[in-house]
Number of protein chains: 2
Amino acid sequence: METIHLNENHTPLNDNSHLKEIIRDLGLKITQQRLAILNHVVTGKAHFTAQAAFESLSKTHPEIGFATVYRFLRKLSENGYVTEVRMGGLPARYEWAHKKHHDHLTCTKCQGIVEFENQEIEELQEKIADQFGFVLTDHVLELFGLCPKCQTKEGELPVPKNRFSSHLEPNN
Amino acid sequence: METIHLNENHTPLNDNSHLKEIIRDLGLKITQQRLAILNHVVTGKAHFTAQAAFESLSKTHPEIGFATVYRFLRKLSENGYVTEVRMGGLPARYEWAHKKHHDHLTCTKCQGIVEFENQEIEELQEKIADQFGFVLTDHVLELFGLCPKCQTKEGELPVPKNRFSSHLEPNN
DNA sequence: CCCCAAATGAGAATGACTTTCATTTTTAAC
DNA sequence: GTTAAAAATGAAAGTCATTCTCATTTGGGG
Ligand SMILES: [Mn+2]
Ligand SMILES: [Mn+2]
Ligand SMILES: [Zn+2]
Ligand SMILES: [Zn+2]
């Protein structure tokens, strides 16, 4: 029994059916927490940390615990629904894996991220794995540099040398 | 005043001059700890963790502190003398950066590492950065898969799904 | 409705670093 | 060689992301 009703702001409630579908597919029970988290993952901005998600969710769902956020994000990434990206020793960042595969080009100064896709590189990776008799299952490709803006503006890197910090939201 | 003498085992003492050279280049004072650590980095096996280096060094230099190991490894990697490789949330691993640039192909089952170099990919990366107006300064490329051995042997991954663990010494 | 396995969350635990700071070394200057 | 200031060290405490524990709550099949 799924009814659509309006909340106190008279905005239509999200149709959660596809979210429920995903949770069901994971073999998990459908809870308000998981729906809220998943909704945040799907509709919120990409490249968020678990901590950021927790804080954001806390506003509307003060009862949610960070353990639940961590747990569910892990489950989602284990099952390919979200992509976990890590750089250096920095907190993991997540993004809804609805788009086709892509890699990232990150500005080490402003943390801006450009997503790109390069079929040629993907193929070369397969070729390399083949050469060594490996069956390729995954890969990580992250490029770092200075974006056009940051090449002109003076100023030192906000991040210590050799301590990468990709995959953050841009500062500007 | 540098004299070569024999230690109690009548084996020639390492010629530390090139190690001292490196420490000097970093603008640091030459200490026994730094010489020991650097010697370990240069002559020991690659892809070691700070903890492993600390434990190994402790045997011959019981007085050395782990803070010093961490500190010096950080300094070395900041200055390009060692390469720091990280995967997933696992401890950082280091390798002496004497070889030319290479990337890694890691078996997710036995943790075996194959180093490879592919000029074509390197060039494509430059091209991509160019396309977006970035000045490329660094990159991370890690491939994951199953090595020839591990494709045949049965058994589940020793590492949780989606939690990479590249860049460890092989188990077998 | 009932029941119970699954889920939750508060807080403790973990683990990899990093920082602090009192003490020891290094080294440049006599 | 002495000496003194600056740098380095290491023991211990701190930090921080993430995981674990466990008492309590809850979803959903029967
Ligand atoms: Mn992305
Ligand atoms: Mn290597
Ligand atoms: Zn930038
Ligand atoms: Zn293997």
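A, B, ... follow the sequence lines: proteins, then strands. Residue 1 opens every chain.
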Qualifying residues under salt bridge (Lys or Arg N to Asp or Glu O under 4.0 Å), relative to A/E123, sequence neighbours excluded: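 Scan of A/E123 (salt bridge (Lys or Arg N to Asp or Glu O under 4.0 Å), adjacent residues dropped) gives none.
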Check whether any side-chain heavy atom of [X] lies under 4.5 Å from a side-chain heavy atom of [Y], and answer yes or no.
X: A/D103; Y: A/F116; answer: yes
X: B/W96; Y: B/L76; answer: no
X: B/R34; Y: B/K20; answer: no
X: A/H47; Y: A/E115; answer: yes
X: B/L143; Y: B/H104; answer: no

Residues forming a side-chain contact (heavy atoms from CB on, under 4.5 Å) with A/E117, sequence neighbours excluded: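 Applying side-chain contact (heavy atoms from CB on, under 4.5 Å) to A/E117 gives A/K100, A/Q119.
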Any residue meeting side-chain contact (heavy atoms from CB on, under 4.5 Å) with B/S56, in chain and number order, not counting sequence neighbours: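 Checked B/S56 against side-chain contact (heavy atoms from CB on, under 4.5 Å); matches are B/H40.
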Atom pair distance, as rounded to whole Å: [atom1] in [X] and [atom2] in [N]:
X: B/L90; N: D/dT18; atom1: CG; atom2: C1'; answer: 13 Å
X: B/I23; N: C/dT26; atom1: CD1; atom2: P; answer: 12 Å
X: A/E63; N: C/dT8; atom1: CD; atom2: C1'; answer: 10 Å
X: A/E55; N: D/dT18; atom1: CD; atom2: C1'; answer: 15 Å
X: B/I37; N: D/dG10; atom1: CD1; atom2: P; answer: 8 Å
X: B/L26; N: D/dA7; atom1: CG; atom2: C1'; answer: 14 Å
X: B/F54; N: C/dG15; atom1: CZ; atom2: C1'; answer: 15 Å
X: B/L35; N: C/dT26; atom1: CG; atom2: C1'; answer: 12 Å

Donor-acceptor contact present, side-chain A/Q32 to main-chain A/I64, <3.5 Å: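 No, because the side chain of A/Q32 does not come within donor-acceptor range (under 3.5 Å) of the backbone of A/I64.
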Rounded to 10 degrees, the angle between the two terminal axes of the helix from C/dC1-D/dG30 to C/dC30-D/dG1, each from five pairs: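 End-to-end axis angle: 30°.
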Closest nucleotide among C/dG9, C/dA7, D/dC20 to the A/R74 side chain: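 Comparing C/dG9, C/dA7, D/dC20 against the side chain of A/R74, the answer is D/dC20.
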Protein-to-nucleotide contact annotation, 5' to 3' order, nucleotides 21-30 of chain D [B base; S sugar-phosphate only; - none; under 4.0 Å, heavy atom]: B-----BS--
Between N or O atoms, less than 3.5 Å apart, protein on one side and nucleotides 12-14 of chain C on the other: list the pairs.
none

N/O (side chain, B/R34) to phosphate O (OP1/OP2, C/dT26) under 4.0 Å: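 No.
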Distance below 4.0 Å between A/Y70 side-chain N/O and D/dT19 OP1 or OP2: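 Indeed not, no polar side-chain atom of A/Y70 lies that close.
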Residue pair B/N118 / B/H102, side-chain donor-acceptor N/O under 3.5 Å: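 Short answer, no.
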Geometric class of the B/F66/B/F54 ring pair [parallel <30°, tilted 30-60°, perpendicular >60°]: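 B/F54 vs B/F66 ring planes: perpendicular.
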